[in-house]
Amino acid sequence: MPSPADPRTASTSGGVQSLERAFDLLERMADAGGEVGLSELSTTSGLPLPTIHRLMRTLVACGYVRQQPNRRYSLGPRLIRLGESASRLLGTWARPHLARLVEETGETANMALLDGDEVVYVAQVPSRHSVRMFTEVGRRVLPHTTGVGKALLAQSPDDEVRALLARTGMPAATEKTITTPDVFLEALARVRESGYAVDDNEQEIGVRCLAVPVPNSPTSAAISISGPAGRVTDAATEKIVPLLQEVAAELSLALAATA
């Protein structure tokens, strides 16, 4: 029999159950792109419409959800502050792991998240080389131009990726940037097969980036190293990728321990 501290027992409390359901609805809204109707939420969650309506009224009153003029509901502005704070914490937890990458590869290490249709960099530890790559923490880029973007999108179904690319367009950052959906989806298939992504002069000429996803991250995340193409060679890739995957697994465990 579960103990009183068991969450299965706690969830029988109306207050705790309502809290669980509210968070579940927020997650479902995020999965749907941030805006949904009540009937969609009822279908995906299995909850009755009156229950969903009551929970959404509370979330609207608190600012975590906003009702649109078309009567659909969207994620609200108060979530931005929570998300920004959580992103900063995620970057703080990642820094020791990124520092290990820099120590063992000599190249700049980054961590990035998929935020809406963009990649946002949340942490970086720079290389000690005088010639090094630097990406400002907080910088946002389109995912089709970067290694971390490929690593993140490789975890999504192709139809969702096509929809994202249709929304963002695929402008070229360099002459090496992939600018057609079919070719990009072929690149994602290679990422899934190999377990890592490459940005080969696609965001900036002369720069190569190797990236892997962070498994089981609470939000979709990837880590990478980037450096001059003359140092991040094919030979270096064979040594760096296993290290990236090892550090990503360690970071995953660290994030799980803080949950």
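Below, all heavy atoms of this structure are taken into account, side chains as well, without hydrogens, waters or symmetry copies.
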Please lay out, stage by stage, how V183 and M170 fare under the test side chain to side chain contact (heavy atoms under 4.5 Å, CB included).
CA-CA 11 Å; V183 175; M170 300 184 71; over 6 Å; no

Could you please spell out the steps behind the side chain to side chain contact (heavy atoms under 4.5 Å, CB included) verdict for E246 and R100?
CA-CA 11 Å; E246 180 181 326; R100 180 188 167 194; 2.7 Å; yes

Please assess I223 against Q245 for the test side chain to side chain contact (heavy atoms under 4.5 Å, CB included), listing each intermediate value before the final yes or no.
CA-CA 9 Å; I223 59 173; Q245 293 170 332; over 6 Å; no

Go through it in stages, so that I can follow the logic: the residues are L41 and L47, the test is side chain to side chain contact (heavy atoms under 4.5 Å, CB included), and I'd like the CA-CA distance, side-chain angles, deciding distance and then a yes or no.
CA-CA 8 Å; L41 284 175; L47 294 174; over 6 Å; no

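Contact between S226 and N110 at its shortest, heavy atoms only, is OG-ND2, 3.5 Å. Closest non-hydrogen pair, A229 versus T233, comes out as O-CG2, 3.8 Å. Here the closest non-hydrogen pair linking L210 and L244 is O-CD1, 3.5 Å. Considering all non-hydrogen atoms of both residues, G149 and V119 come closest at CA-CG2, 3.7 Å. The two residues F184 and I178 make their nearest non-hydrogen contact at N-CG2, 3.6 Å. Contact detail for Q155 and P213: the closest heavy-atom pair is NE2-CB, 3.5 Å.
Using a 4.0 Å cut-off between a side-chain N of Lys or Arg and a carboxylate O of Asp or Glu, R72 and E40 qualify as a salt bridge. A salt bridge links D158 with R192: at least one charged nitrogen is closer than 4.0 Å to a carboxylate oxygen. Using a cutoff of 4.0 Å between basic side-chain nitrogens and carboxylate oxygens, D115 and R140 are scored as salt-bridged. In this structure, E118 does not pair ionically with R139, as no charged nitrogen and carboxylate oxygen lie closer than 4.0 Å.
By the rule that hydrophobic residues join a cluster once side-chain heavy atoms approach within less than 4.5 Å of another member, I225 and V141 end up as members of separate clusters. Linking Ile, Leu, Val, Met, Phe, Trp and Tyr whenever their side-chain heavy atoms come within less than 4.5 Å leaves L114 and L142 in two separate clusters. Residues V191 and V161 fall into different hydrophobic clusters, defined by Ile, Leu, Val, Met, Phe, Trp and Tyr side chains chained together at heavy-atom separations under 4.5 Å. When hydrophobic clusters are built by joining Ile, Leu, Val, Met, Phe, Trp and Tyr residues whose side-chain heavy atoms come closer than 4.5 Å, directly or via intermediates, L188 is not grouped with V198. Hydrophobic clustering, with ILVMFWY side chains joined whenever heavy atoms are under 4.5 angstrom apart, keeps L101 apart from V148.
Residues forming a side-chain hydrogen bond (donor to acceptor under 3.5 Å, both in side chains) with R190 (at least two apart in sequence, or on another chain): none. For R71, the side-chain hydrogen bond (donor to acceptor under 3.5 Å, both in side chains) test picks out no residue, with sequence neighbours left out.
Residue-environment remark: CZ (R66) stays at or below the threshold of 12 foreign heavy atoms within 6.0 Å. Annotation for E193: atom CD does not count as buried by contact number, only 12 or fewer foreign heavy atoms lying within 6.0 Å. A 6.0 Å sphere centred on CD of E27 holds no more than 12 heavy atoms belonging to other residues, nucleotides or ligands.
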Under 3.5 Å donor-acceptor pairs involving side-chain atoms of residues 51-61, not counting sequence neighbours:
residue : atom : partner : partner atom : Å
H53     : ND1  : R57     : NH1          : 3.0
T58     : OG1  : R54     : O            : 3.3

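A donor-acceptor contact shorter than 3.5 Å links the side chain of R78 to the backbone of C62. Formation of a donor-acceptor pair under 3.5 Å by the T177 side chain with backbone atoms of T179 is not found in this model. Distance alone, capped at 3.5 Å, is enough to place a donor-acceptor pair between the S127 side chain and the G106 backbone. A side-chain donor-acceptor contact under 3.5 Å links T43 to the backbone of S39. Judged purely by atom type and a 3.5 angstrom limit, H144 has no side-chain atom pairing as donor or acceptor with the backbone of A172.
Atom CD1 of I205 and atom OG1 of T174 lie 4.0 Å apart (nearest 0.5 Å). The distance from atom OH of Y121 to atom CE of M111, rounded to the nearest 0.5 Å, is 13.0 Å. Annotation: the span from R208 atom CZ to D199 atom CG amounts to 9.0 Å, rounded to 0.5 Å. Note that CG of L165 and OG1 of T180 are 9.5 Å apart. Values are rounded to the nearest 0.5 Å. Residue I240 holds its CD1 atom at 10.5 Å from OH of Y196, rounded to the nearest 0.5 Å. Between the CD atom in E202 and the OG1 atom in T146 there is a gap of 9.0 Å [rounded to 0.5 Å].
No side-chain heavy atom of V214 sits less than 4.5 Å from a side-chain heavy atom of H97. A 4.5 Å side-chain heavy-atom check between R128 and E103 finds at least one atom pair inside the cut-off. Here the side chains of S45 and R28 are in contact, with some heavy-atom distance below 4.5 Å. In this structure the side chain of R95 reaches within 4.5 angstrom of the side chain of V125, judged on heavy atoms.
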